Amino acid sequence: MAPNEPYSAQSQPTKIAYINGDPKTVHIRRAQLIINPGAEDQREVIFDQNVIKIGALEDNDVVLDDETVSRNHCRIVQEDDHYVVIDQGSTNGTHINGVRIREAFLSPNVILCVGNTNIRFRPIDEQVAVEPSRTERLGNIVGRSVKMREIFDILSKIAPTAATVVIEGETGTGKEVVAQTIHQMSPRKDKPFIVFDCGAVPESLIESELFGHEKGSFTGAIMTRKGLFEMAQGGTIFLDELGELSIDLQPKLLRVLEQREVRRVGSNKPIPINVRVVAATNRSLEDEVKEGRFREDLFYRLSVVRLFLPALRERVEDIPLLVDHFLKHLDCNLDFDGERRLQSVQPEALAALMAYEWPGNVRELANAIERACSFAETDMLQLADLPDYIAGQRPRNVDSGPLDEDDQWSEIPAKAELKEQPFKEAKEQWISSFERDYIAELLSRHGGNISQAAREADIDRKYFRKLMTKYGIVADELSS
Ligand SMILES: Nc1ncnc2c1ncn2[C@@H]1O[C@H](COP(=O)(O)OP(=O)(O)OP(=O)(O)O)[C@@H](O)[C@H]1O
């Protein structure tokens, strides 16, 4: 991985080059700053972030002990294919070749005069081919398909950088587990990893959740509260369901990414933040931009690195490995002595698991294995332990749209009715009715607030939302 120098106008910011949908190369862009070049106290620093802040104050990326340097003197910003330096209204100015500048392009090896301190700027541009990794696991992600092993390789290359990442993929393809792995493989791993689901919090609360608020800034703000960006200081924030972020809030997020500072609701004081942003969406952000629902400038600022997670049906060869992974790690497969109850999978059952389409992807597979754990009577997962629609005995029937009103509030089936059916079907029908009523009532009680309802139910909000989709329950309809 030799750095290619000097960098040219064709250079790209850190990104993955895709050809025909396949990842081919990872471009990693870094900037090297040599402070006081040639002097005894020369020091070098390398940055891979979009914005490098320079000044006398401690919270700058480059802190200069020079009385002619202002507190926040200037910043170097990585733009599409170049870097610019922007003076921040400093007292003694930022100079290039003796000329005082307010904003200027930076060419390789140029010397910047910041107050009386010289800084040499050198871009480092690495272009590395993507090769499928040889391992079948990275952090908590397993996979042996070429696509997943290519993703492992990309992750190993981009995780240690500060690049913002957007992960795209259908529901349940593993976007959150990939985001966690990026955090775990980065120098930020000992700092917080904070998850925020843009689709699960009422729009009116998102701003204060993310950026915090001052006491009295709105009705109900009874005390000052830090936002999630502040809580993630030094670490990573994972913005899930980014496509759900309203168009009104998008400029606020853009400003945070560009300025690397937040302002709490009700305050004008900027708070510097050092947080890596990883975002996920199961909508195509490009389509959202075309439809005018997502700002183009935010899309470009965020998608420094874009990762596309394939649907499970496109990587069937991962299924045996995933099944084994779930049998080893799901708590429901442990008996009282901590031994695994299900040890192996009957070949016919594995064939059925590999033949099924998995619209809910890996999450649905994990749920199917979890369910099989409670049905299994031997230590081998059998075809009969799988739901019929997977075992291939009858077509699948998943509710995706809203149900009829009558249907939505149907009662749990009468005992007599259930007794006339085979045990397995009766049990499933009973569980479905229970789940539907439980979720709808709880949501109704919480005025349609999914996060609160999921918290009371003590279940993961994502799973809560899956159940809502499954039973066609719409939060808005329950919010009155
Ligand atoms: N490749 C994988 N290896 C191991 N576990 C996985 C993998 N992919 C997904 N999972 C597991 O499947 C479940 C769903 O994954 P996750 O929540 O990351 O999906 P998601 O794409 O973020 O879903 P959503 O779009 O609904 O937010 C989790 O329990 C996760 O640990």
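Here the structure is a predicted model, which means the values were calculated and not measured. Whatever order the structure lists them in is the order used to number ligands and atoms, beginning at 1. Every heavy atom of this structure was used, including side-chain atoms; hydrogens, water molecules and symmetry mates were not.
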What I'd like to find out is whether the side chain of F375 reaches to under 4.5 Å of the side chain of L386, using heavy atoms alone. no
Name the closest protein heavy atom to atom 14 (C) of ligand 1, giving the residue it belongs to and the distance to 0.1 Å. R363 CB, 3.7 Å
E370 side chain to S374 side chain, donor-acceptor N/O pair below 3.5 angstrom: no
Using a 4.0 Å cut-off to any heavy atom of I141, which atoms of ligand 1 qualify? 1 (N), 2 (C), 3 (N)
Shortest non-hydrogen contact from G266 toward E214: O-CG, 3.9 Å
Tell me whether M148 has any N or O atom under 3.5 angstrom from an N or O of ligand 1. no
Do S246 and E203 have a side chain donor and acceptor closer than 3.5 Å? yes
Using a distance-only test with no angle check, is there a side-chain donor-acceptor pair under 3.5 angstrom linking H325 and R137? yes
So, is R315 polar-close to ligand 1, with some N/O to N/O distance under 3.5 Å? no
Is any side-chain heavy atom of S267 less than 4.5 Å from a side-chain heavy atom of H213? no
Within the 3.5 Å criterion, strictly below it, is a donor on D318 or S145 matched to an acceptor on the partner's side chain? yes
Mind checking whether H325 contacts ligand 1 via backbone (N, CA, C, O), side chain (CB onward), both or neither, at a 4.0 Å heavy-atom cut-off? side chain
Under 4.0 Å, counting heavy atoms only: does G172 come that close to any atom of ligand 1? yes
Taking 4.0 Å as the limit for heavy-atom contacts, which would you say applies to D318 with ligand 1: side chain only, backbone only, both, or neither? neither
Heavy-atom protein contact below 4.0 Å for atom 6 (C) of ligand 1: yes
Students should be able to answer this: which protein heavy-atom is nearest to atom 12 (O) of ligand 1, and at what distance? V362 CG1, 3.7 Å
Between E364, K175, E168, H329, which one has a non-hydrogen atom sitting closest to atom 20 (P) of ligand 1? K175
With rounding to the nearest 0.5 angstrom, report the CD1 to CD distance, I237 to E230. 11.0 Å
So CD of E209 and CG of D197: to nearest 0.5 Å the spacing works out to 11.0 Å
When you measure from atom 29 (O) of ligand 1 to the protein, is at least one non-hydrogen atom found at a distance under 4.0 Å? no
Ligand 1 versus N282, non-hydrogen atoms closer than 4.0 Å: side chain, backbone, both, neither? side chain
Residue portion contacting ligand 1 (non-hydrogen atoms closer than 4.0 Å) for D240: side chain
Taking every heavy atom of A349 against every heavy atom of Q382, the minimum-distance pair comes out as CB-C, 3.8 Å
At a 4.0 Å threshold, what atoms of ligand 1 neighbour a non-hydrogen atom of N140? 3 (N), 4 (C), 5 (N)
On a heavy-atom basis, I'd like to know which of V142, V178, T281 is closest to atom 1 (N) of ligand 1. V142
Compare every heavy atom of A179 with every heavy atom of F238, then report the nearest pair and how far apart it is. CD1-CB, 3.4 Å
Within a distance under 4.0 Å of any heavy atom of K466, pick out the atoms of ligand 1 and give their elements. 26 (O)
When distances are taken from atom 31 (O) of ligand 1, the protein heavy atom at minimum range is V177 CG2, 4.0 Å
Taking atom 16 (P) of ligand 1 as the reference point, the nearest protein heavy atom with its distance: G174 CA, 3.7 Å
